[in-house]
Structure formats: structure tokens, C-alpha cells
A.B. asks: 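Got a structure for you, questions after.
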Amino acid sequence: MDIDSCTRKAVSSSPSEKIHLRPMTLSDIDDFMVWATDINVTRFCTWEPYTSQEAGIGYINSFVLPHPWLRAICLDDDRAIGSISVTPVDSIRGEIGYVIGSKYWGKGIATEAVRLVAAEIFKEKPEMERLEALVDVDNIGSQKVLEKVGFVREGVMRKFMCLKGNVRDMVMFSFLPSDSLL
């Protein structure tokens with residue numbers, strides 16, 4: 001895979017894995033509603049599925065637009081099929097999170113998006129020493145995405161988070177600037 005850091009495009013041998021990242025905008029609302037209303041997609045998210053476009057617009061305006069680093073995951077036609085973010089935890093750590101429409105699961109797209117971010121985030125944010133991810137123990141697909149990119153599975157954080165009214169165990173993953181992408 002070649003990474004063109006100017007356009008943030010991942011180019012791989014499979015056309016289905018050709019993606020790019022760009023800032024998400026309010027004009028992405030129709031695409032956002034496709035994955036944000038899907039109970040399978042939101043199962044492991046901290047938020048419930050959206051039930052109205054007005055609520056989706058509110059979320060984009062209040063959370064997405066002011067977020068310090070959130071990008072739409074787009075195919076060649078620039079249609080947003082998911083999003084990926086890096087949220088500051090403290091002065092040296094960021095937490096990566098991503099969501100992608102279920103129609104695109106199993107195609108390597110989430111893996112390519114995470115790989116793009118891991119390859120570039122330490123250049124954009126040189127103060128960052130650690131990129132981490134917290135994944136529900138039952139979210140095997142997301143764990144595989146991180147492992148394929150080269151994140152290190154550090155262990156299970158028992159009863160770490162309350163997710164939709166249930167106390168959940170979470171798996172901690174990390175990627176450091178000195179780690180190698182797979």
C-alpha cells in the first residue's frame with residue numbers, strides 16, 4: 001500500500017479498499033444517517049441509533065464539526081461511509097475510534113482507514129506519544145482491525161465502562177510512533 005499524505009489516500013491492490021479521509025460536513029447528513037440509524041453499526045457505540053435527521057444534524061453541529069480530529073471515511077466517489085476520529089485523552093495520548101456502515105464490513109475498509117490514521121497522526125501531532133483504542137470484548141471485528149494494522153493488545157480492562165446501561169469489559173490496544181504498521 002502506498003500512502004499519499006497530501007490527500008490522505010490509501011491505495012491498495014483491491015479497488016474496494018481504495019479510500020480517503022476528509023473533514024466531515026453537514027452536507028454528509030444523508031450518508032451519516034445510513035450508518036447512524038443501523039442498530040448493528042451502533043451496537044458497540046456509546047450512542048444510540050439516530051431516529052431523525054434533525055437529531056443527526058444536531059450531532060454533526062454539536063460534536064462532529066467542533067471535534068479536534070474527526071474525518072469522514074470516503075470511497076472514490078467522496079461519499080461518506082463512516083467516520084474515524086482521534087480524541088485527546090491527555091497531553092500525550094489520543095484515542096482512536098471509528099464506525100463504518102455495515103454494508104462495508106469485511107472489505108478491509110476500516111483496516112485501511114485505521115492504517116491511514118496511524119501512519120499520519122504522529123506527524124500531525126508530534127506531541128502525541130501513544131494512540132490507543134478501547135474495544136468491547138465482544139467486538140471481535142474491531143479487535144481484528146486493530147491487530148491487522150499493528151496495534152498491540154495490552155489486556156482486558158475488567159468492568160471498565162458502562163455502555164448503554166451495561167457494565168462492560170474493554171480490551172486496551174495501543175500504537176506508538178516507534179511501532180511498525182503491518
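Computed from a predicted model, the values in this text were never measured in an experiment.
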A.B. asks: Just to verify, what does D169 make a salt bridge (Lys or Arg N to Asp or Glu O under 4.0 Å) with, not counting sequence neighbours?
C.D. replies: none
A.B. asks: Any donor and acceptor pair, going by atom type alone, linking the side chain of T42 with main-chain N or O of C45 inside 3.5 Å?
C.D. replies: no
A.B. asks: Please report the shortest heavy-atom distance between I57 and I29, naming the atom on each side.
C.D. replies: N-CD1, 3.6 Å
A.B. asks: Is there a salt bridge (Lys or Arg N to Asp or Glu O under 4.0 Å) between E112 and R115 once you walk through the steps?
C.D. replies: CA-CA 5 Å; E112 291 302 319; R115 186 175 284 118; 2.8 Å; yes
A.B. asks: Which heavy atom of H20 sits nearest to which heavy atom of L75, and what is that distance?
C.D. replies: CE1-O, 3.1 Å
A.B. asks: Can you tell me how far apart CG (D90) and CZ (R130) are? Round to the nearest 0.5 Å.
C.D. replies: 9.5 Å
A.B. asks: What's the shortest heavy-atom distance between G94 and V89, and which atoms?
C.D. replies: C-CG2, 4.1 Å
A.B. asks: Using the rule that two of Ile, Leu, Val, Met, Phe, Trp, Tyr join whenever any of their side-chain heavy atoms come within less than 4.5 Å, decide whether I121 and V145 are in one cluster.
C.D. replies: yes
A.B. asks: For Y98 and T111, indicate whether the former's side chain and the latter's backbone hold a donor-acceptor pair under 3.5 Å.
C.D. replies: no
A.B. asks: Dump the intermediate steps for side-chain contact (heavy atoms from CB on, under 4.5 Å) on L181 and F175, then the final yes or no.
C.D. replies: CA-CA 9 Å; L181 291 168; F175 192 85; 3.6 Å; yes
A.B. asks: Donor-acceptor pair, distance only, cut-off 3.5 Å: does the side chain of N61 make one with the backbone of G58?
C.D. replies: no
A.B. asks: I need the L134 CG to N139 CG distance, nearest 0.5 Å.
C.D. replies: 12.0 Å
A.B. asks: To the closest 0.5 Å, what do you measure between CG (L182) and NZ (K148)?
C.D. replies: 11.5 Å
A.B. asks: Testing the basics here: between S83 and W35, what is the closest heavy-atom pair and its distance to 0.1 Å?
C.D. replies: N-CZ2, 4.2 Å
A.B. asks: Between L21 and W69, which heavy-atom pair has the shortest distance, and what is it?
C.D. replies: CD1-CH2, 4.4 Å
A.B. asks: Looking at every non-hydrogen atom in both residues, tell me the closest pair between G82 and M24 and how far apart they are.
C.D. replies: O-CE, 4.3 Å
A.B. asks: Are V149 and L176 connected into the same hydrophobic cluster when the rule is that any two of I, L, V, M, F, W, Y join if their side-chain heavy atoms are below 4.5 Å apart?
C.D. replies: no
A.B. asks: Do any N or O atoms from the side chain of Q143 and from the backbone of V137 form a donor-acceptor pair under 3.5 angstrom?
C.D. replies: yes
A.B. asks: Just wondering, more than 12 heavy atoms not from F160 lying within 6.0 Å of its CZ?
C.D. replies: no
A.B. asks: Does one side chain, of D38 or S102, offer a donor that lies under 3.5 Å from an acceptor on the other?
C.D. replies: yes
A.B. asks: Given the rule that I, L, V, M, F, W and Y join up when any side-chain heavy atoms are under 4.5 Å apart, are V156 and V135 in one cluster?
C.D. replies: yes
A.B. asks: Is it the case that the side chain of W105 and the backbone of I100 share a donor-acceptor pair, with hydrogens and angles ignored and the cut-off at 3.5 Å?
C.D. replies: yes
A.B. asks: So that I can tick it off, tell me whether E120 and K123 are bridged by a salt bridge, with the cut-off set at under 4.0 angstrom between side-chain N and carboxylate O.
C.D. replies: yes
A.B. asks: To the nearest 0.5 Å, tell me how far I109 CD1 sits from I73 CD1.
C.D. replies: 8.5 Å
A.B. asks: Should D136 and K164 count as an ion pair when the cut-off is N to O under 4.0 Å?
C.D. replies: no
A.B. asks: How long is the gap from OG1 on T51 to CE on M33, to the nearest 0.5 Å?
C.D. replies: 7.0 Å
A.B. asks: Check salt bridge (Lys or Arg N to Asp or Glu O under 4.0 Å) between R79 and all other residues, then give those that pass, not counting sequence neighbours.
C.D. replies: D77
A.B. asks: Does the plane of the ring in F63 sit parallel, tilted or perpendicular to the ring in Y59? Use 30° and 60° as the thresholds.
C.D. replies: parallel
A.B. asks: State yes or no: do M161 and I96 share one hydrophobic cluster built from I, L, V, M, F, W and Y residues joined by side-chain heavy-atom distances below 4.5 Å, directly or via other members?
C.D. replies: no
A.B. asks: To the nearest 0.5 Å, what is the distance between CG (D138) and CE (M170)?
C.D. replies: 10.5 Å
